[in-house]
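Chain A is the first sequence line, chain B the second, and so forth, proteins listed ahead of strands; every chain is numbered from 1.
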There are 2 protein chains.
Amino acid sequence: MRIGEVAEKAGVGVETIRFYERKGLIEQPRKPADGGYRSYSSETVNRVRFVREAQCLGFSLNEIEELLTLRADPETDCADVRERAQAKLDEVKNKIARLAGIQSALENLIQECRGDGPASSCCPILDALDTEDKESMT
Amino acid sequence: MRIGEVAEKAGVGVETIRFYERKGLIEQPRKPADGGYRSYSSETVNRVRFVREAQCLGFSLNEIEELLTLRADPETDCADVRERAQAKLDEVKNKIARLAGIQSALENLIQECRGDGPASSCCPILDALDTEDKESMT
DNA sequence: CTTGACTCCGTACCTAGCTACGGACACTAG
DNA sequence: CTAGTGTCCGTAGCTAGGTACGGAGTCAAG
């Protein structure tokens with residue numbers, strides 16, 4: 001599969017694939033044999049899709065690389081992998097919990113704001129977060 | 001309260017406060033009366049903290065501005081606020097659901113990888129996401 | 001009335017994550 | 001053989017979100 005096809009299937013531009021390749025996020029398929037063109041497996045399409053998905057969820061490319069290496073190397077010791085996975089899991093759980101805070105603040109806002117009157121007194125987003133937040137910054 | 005105090009209490013740099021001010025994320029407190037120094041209320045500290053918190057959760061500054069304006073204007077009609085809040089709520093729920101996907105993939109990984117043997121065959125992160133993901137990109 | 005801490009402002013610079021440009025090959029169809 | 005399309009590569013440019021710099025003004029303490 002050539003670069004254009006991968007890009008299309010993954011829903012990104014060709015340049016993005018080249019960019020990810022330089023970043024080491026996807027396989028380096030230098031194939032001077034075939035006219036010098038890159039040749040990818042369908043695996044790469046999945047990888048690229050995973051990258052985009054993870055980005056939407058707030059992971060940086062560096063973090064995504066970590067996520068990806070969790071499954072990568074057959075040589076790697078399982079204990080090491082577990083450790084990294086556990087750390088990522090903690091991050092993810094933390095993120096979910098904090099989003100849940102925002103979620104309930106928004107739900108409050110929507111419930112209390114029944115659609116009549118002015119909005120001023122019924123929008124406790126900041127308040128809701130303030131109280132949880134006060135001394136909890138890292 | 002002057003800019004340095006706000007910055008310290010919110011745990012950011014002075015330049016960041018000025019940057020947020022330019023972006024319209026916090027009040028514009030031009031006070032030529034008091035020697036030309038900015039003067040902030042403690043409200044601003046909360047706002048800045050909220051901005052940082054929301055950023056960690058994957059919101060852009062533009063999105064955060066939207067979140068913040070949900071509680072802002074006493075003139076705004078409640079119905080409009082509700083609409084925006086509902087849209088944000090949908091985004092948030094969606095994010096949580098997708099993070100939950102990653103969470104369970106990581107939990108699987110950790111469970112299946114009992115700490116012995118090689119890591120190659122027990123790391124279904126990509127697989128777990130692939131199956132959910134196949135045709136669901138926006 | 002000098003010193004030091006703080007602030008002012010504009011501008012420049014930085015990282016992350018792309019995105020576009022441009023000239024040179026390759027490969028296919030006509 | 002000539003287009004046309006796709007690819008190669010390096011480099012430049014772009015947006016977001018800061019971060020740093022430098023020269024000048026403010027102000028309280030000594």
In short, A:R98 meets B:C56 closest at the heavy-atom pair NH2-CB, 3.5 Å
Test item: B:K95 side-chain N/O and B:D90 main-chain N/O as donor-acceptor pair under 3.5 Å:
no
* To do: Indicate whether OP1 or OP2 belonging to C:dC18 is found under 4.0 Å from a side-chain N or O atom of A:R52.
  => yes
If you compare every side-chain N and O of B:Y20 against the phosphate oxygens of D:dG17 (OP1, OP2), does one of them come in below 4.0 Å? no
DNA chain D nearest-nucleotide lookup for B:R22 and A:R22: closer to the 5′ end is A:R22
Once base and sugar-phosphate atoms are separated, protein heavy atoms under 4.0 Å mark nucleotides 1-7 of chain C, 5' to 3', with B, S and - as -----BS
Rounded to whole Å, CG of B:L25 lies from P of D:dG18 at a distance of 9 Å
Checklist entry - If we ignore angles and hydrogens, is there a donor and acceptor under 3.5 Å between the side chains of B:S41 and B:E27? => result yes
inquiry  = We want to know whether B:R47 and B:Y40 form a side-chain donor-acceptor pair, criterion being a heavy-atom distance below 3.5 angstrom.
reply    = no
Rounded to whole Å, the CZ-P distance (A:F19 to D:dA12) equals 17 Å
So B:I64 and B:L61, side-chain contact (heavy atoms from CB on, under 4.5 Å) or not? Walk me through it.
-> CA-CA 5 Å; B:I64 292 165; B:L61 293 187; 4.2 Å; yes
Verify, without hydrogens or angle tests, whether A:T69 (side chain) and A:E65 (backbone) share a donor-acceptor contact under 3.5 angstrom.
yes
*When you check the phosphate oxygens OP1 and OP2 of C:dG17, does a side-chain N or O of A:T16 lie under 4.0 Å from one of them?*
no
Within the sub-3.5 Å range, which N or O atoms of nucleotides 13-15 of chain D have a protein N or O partner, and how far apart are they?
none

Whole-Å distance, B:E15 CD to C:dC9 P, equals 11 Å
Checking C:dA16, D:dG17, C:dC18 against the side chain of B:Q55 (C-beta onward), the nearest is D:dG17
When rounded to whole Å, the CZ to P distance for the pair B:F59 and D:dA16 reads 18 Å
Electrostatic pair A:K9:A:E5 at N-O distance under 4.0 angstrom: yes
Rounded to whole Å, CD of A:E21 lies from C1' of C:dT19 at a distance of 17 Å
ask   = Between the side chain of A:Q28 and the main-chain N/O of A:E21, is any donor-acceptor distance below 3.5 Å?
value = yes
query = Taking N and O atoms by type only, does the side chain of A:R18 place a donor or acceptor under 3.5 Å from a partner on the base of D:dG10?
reply = yes
From NZ of A:K23 across to P of C:dT19 the rounded distance in Å is 14 Å
Walking DNA chain D from its 5' end, the first of B:G13 and B:N62 to be reached, judged by nearest nucleotide, is B:N62
Between CD1 of B:I17 and P of C:dC9 the distance, given in whole Å, is 14 Å
Result for side chain to side chain contact (heavy atoms under 4.5 Å, CB included) between B:K88 and one of B:K93, B:E83, B:E63 points to B:E63
